[in-house]
2 protein chains.
Amino acid sequence: MGKINQAPPATCPVDYAFQRIGGKYKGRILWFLGDGVKRYGQIRRSISGITPKMLTQVLRELEDDRLITRTVYYEVPPRVEYTLTETGRALIPSIQMISTWGQAQMQHQGITAMPLEEGEE
Amino acid sequence: MGKINQAPPATCPVDYAFQRIGGKYKGRILWFLGDGVKRYGQIRRSISGITPKMLTQVLRELEDDRLITRTVYYEVPPRVEYTLTETGRALIPSIQMISTWGQAQMQHQGITAMPLEEGEE
DNA sequence: TAGCCTACATACCATTAGTATACTATTGTT
DNA sequence: AACAATAGTATACTAATGGTATGTAGGCTA
């Protein structure tokens with residue numbers, strides 16, 4: 001349930017890729033993780049508008065697709081860290097390019113770009 | 001109706017971009033158009049499994065977002081040609097990289113990649 | 001000890017994306 | 001007259017995606 005595009009396994013590389021990084025939040029999450037190891041709460045604060053349920057769901061899908069790893073520290077309060085796998089990291093240059101494109105388009109339309117949020121801690 | 005992601009206008013470039021090129025078919029269609037001017041039927045034959053309704057819908061969305069242009073020739077039988085705009089063409093290198101990534105992953109998993117179809121004419 | 005925090009899980013519901021199938025218009029060909 | 005070709009429309013439907021609300025565990029804080 002909740003899997004973006006799980007239908008017929010892709011034979012086209014573009015299709016294959018978009019089945020994994022399409023969806024409303026995946027690009028932004030991967031992009032944010034490109035910055036380094038992040039905790040659940042950090043991601044949630046950086047991805048404006050995402051609900052905890054969606055975040056959990058999306059993170060699990062990315063984990064299932066081996067784009068990120070999830071490390072649980074059994075402390076109290078619990079701590080869960082997410083980081084890109086090699087495969088996931090290999091996507092960052094592509095997302096970088098897409099971001100650059102997006103930035104240019106936004107400028108073109110007079111929209112002010114705000115890459116990612118989150119107040120320091 | 002049918003607009004993929006029309007919710008709050010993106011402030012993040014990555015979000016902005018994925019709102020335009022996300023969805024099941026957009027990446028593949030743009031990629032195919034990267035090859036040059038294409039007719040409706042050519043696109044339909046190249047994107048396996050797409051229904052005419054979806055294709056029309058997606059093409060209209062790409063047109064609205066100024067990623068492609070649509071040229072109608074009032075002949076019989078009708079002829080409609082689609083081509084990338086400058087903005088759309090600027091996306092091709094990113095899709096190229098994503099495709100390369102996808103290809104590598106597919107190889108890694110023993111899947112045979114089949115970039116795009118369509119028999120010559 | 002009553003709530004608060006983190007990091008979720010679960011149930012339920014609404015919206016949106018996508019599918020299936022059939023149909024249209026126009027003109028030339030058989 | 002029936003059929004082919006192209007580029008779609010129309011209608012009805014299912015599946016995927018996303019959202020709200022609430023629950024849970026264990027320690028921490030007031």
Side-chain angles (χ1 to χ4, degrees), chain A residues 1-10 15 18-29 37-65 68-82 118 121, chain B residues 1-8 10 15 18-29 33 37-65 68-83 118-119 121:
Chain A
M1 211 190 288
K3 192 82 186 76
I4 294 171
N5 247 323
Q6 70 191 151
D15 196 20
F18 276 90
Q19 281 184 15
R20 276 147 192 88
I21 63 168
K24 194 169 179 177
Y25 303 107
K26 286 183 177 177
R28 268 192 290 171
I29 292 173
V37 183
K38 298 291 176 191
R39 294 183 59 176
Y40 179 92
Q42 290 183 290
I43 303 172
R44 192 185 40 187
R45 284 188 295 276
S46 88
I47 310 295
S48 59
I50 197 166
T51 59
K53 184 209 151 188
M54 275 309 298
L55 179 54
T56 299
Q57 184 182 301
V58 170
L59 289 170
R60 290 294 146 76
E61 290 174 18
L62 290 171
E63 201 192 350
D64 289 349
D65 288 334
I68 65 174
T69 51
R70 177 174 182 266
T71 314
V72 184
Y73 296 91
Y74 295 95
E75 307 168 354
V76 168
R79 182 157 61 103
V80 181
E81 289 184 345
Y82 295 91
E118 179 156 54
E121 31 191 300
Chain B
M1 210 193 288
K3 192 78 186 74
I4 294 170
N5 247 325
Q6 72 191 151
D15 196 19
F18 276 92
Q19 281 185 15
R20 276 146 191 87
I21 64 169
K24 192 169 180 177
Y25 302 108
K26 286 183 176 177
R28 268 192 290 171
I29 291 173
L33 289 179
V37 183
K38 298 290 176 189
R39 296 181 59 174
Y40 179 92
Q42 290 183 290
I43 303 172
R44 192 182 40 185
R45 284 188 294 277
S46 89
I47 309 295
S48 59
I50 198 167
T51 59
K53 184 200 150 192
M54 271 311 296
L55 180 53
T56 299
Q57 183 182 303
V58 169
L59 288 170
R60 293 292 148 79
E61 289 175 18
L62 291 171
E63 202 193 350
D64 289 347
D65 287 334
I68 65 174
T69 51
R70 178 171 180 268
T71 314
V72 184
Y73 297 90
Y74 295 95
E75 309 167 354
V76 169
R79 183 157 59 103
V80 180
E81 290 184 344
Y82 294 91
T83 188
E118 178 156 56
E121 30 189 301

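Going from atom OH of Tyr82(B) over to atom C1' of dT6(D) covers 11 Å, rounded to whole Å. If you take CZ of Phe18(B) and P of dA17(C), they are 16 Å apart, rounded to a whole angstrom. Whole-Å rounding puts the Lys24(B) NZ to dA17(C) P distance at 13 Å. To the nearest angstrom, C1' of dG18(C) lies 15 Å from CD1 of Ile47(B). Rounded to whole Å, the distance from CZ on Arg44(A) to C1' on dC5(C) is 10 Å. Atom P of nucleotide dT16(C) and atom CD of Gln19(B) are separated by 13 Å, given to the nearest angstrom. Taking atom CD on Glu61(B) and atom C1' on dT16(C), their separation rounds to 11 Å, with Å as the unit. A straight line from CD of Gln57(A) to P of dG18(D) spans 8 Å, rounded to a whole angstrom.
For the pair Tyr25(A) and dG19(D), the criterion of a side-chain N or O lying under 4.0 Å from OP1 or OP2 is met. Within the structure, every side-chain polar atom (N or O) of Arg45(A) is placed at least 4.0 Å from both OP1 and OP2 of dA7(C). For the pair Arg70(B) and dG8(D), the criterion of a side-chain N or O lying under 4.0 Å from OP1 or OP2 is met.
Contacts of Tyr73(A) with the nucleic acid, taken as non-hydrogen atoms under 4.0 Å apart, are absent. Nucleic acid contact for Arg79(B): sugar-phosphate only, since backbone atoms but no base atoms lie under 4.0 Å from a heavy atom of the residue. As judged by a 4.0 angstrom heavy-atom cut-off over every strand, Arg39(B) is placed among residues touching the sugar-phosphate backbone only.
Minimum atom distance to the side chain of Val80(B) is reached by dG8(D), of the listed dG8(D), dA9(C), dA7(C). Distance from the side chain of Met54(A) is smallest for dG19(D) among the nucleotides dC8(C), dG19(D), dG8(D).
For the pair Lys24(B) and Asp15(A), the tightest heavy-atom approach, listed with the atom from each and the gap, is O-OD1, 4.0 Å. A pairwise comparison of heavy atoms in Lys26(A) and Ile21(A) identifies CB-O, 3.8 Å as the closest pair. Across all non-hydrogen atoms, the minimal contact from Leu62(A) to Arg20(A) is CD2-O, 4.2 Å.
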Sort me out a list of protein N/O and nucleotides 21-30 of chain C N/O pairs below 3.5 Å, or just none if empty.
none

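Partners of Tyr82(A) according to the side chain to side chain donor-acceptor pair (under 3.5 Å) rule, which considers only residues two or more places apart in sequence or in another chain, are Arg70(A). For Glu81(B), the side-chain contact (heavy atoms from CB on, under 4.5 Å) partners are Val37(B), Arg39(B), Tyr73(B), Arg79(B), not counting sequence neighbours.
Contact of the Ile43(A) side chain with the Ile50(A) side chain is not registered, since no non-hydrogen atoms from C-beta on lie closer than 4.5 Å.
Remark: Gln57(B) CD to Tyr25(B) OH distance equals 10.5 Å, nearest 0.5 Å.
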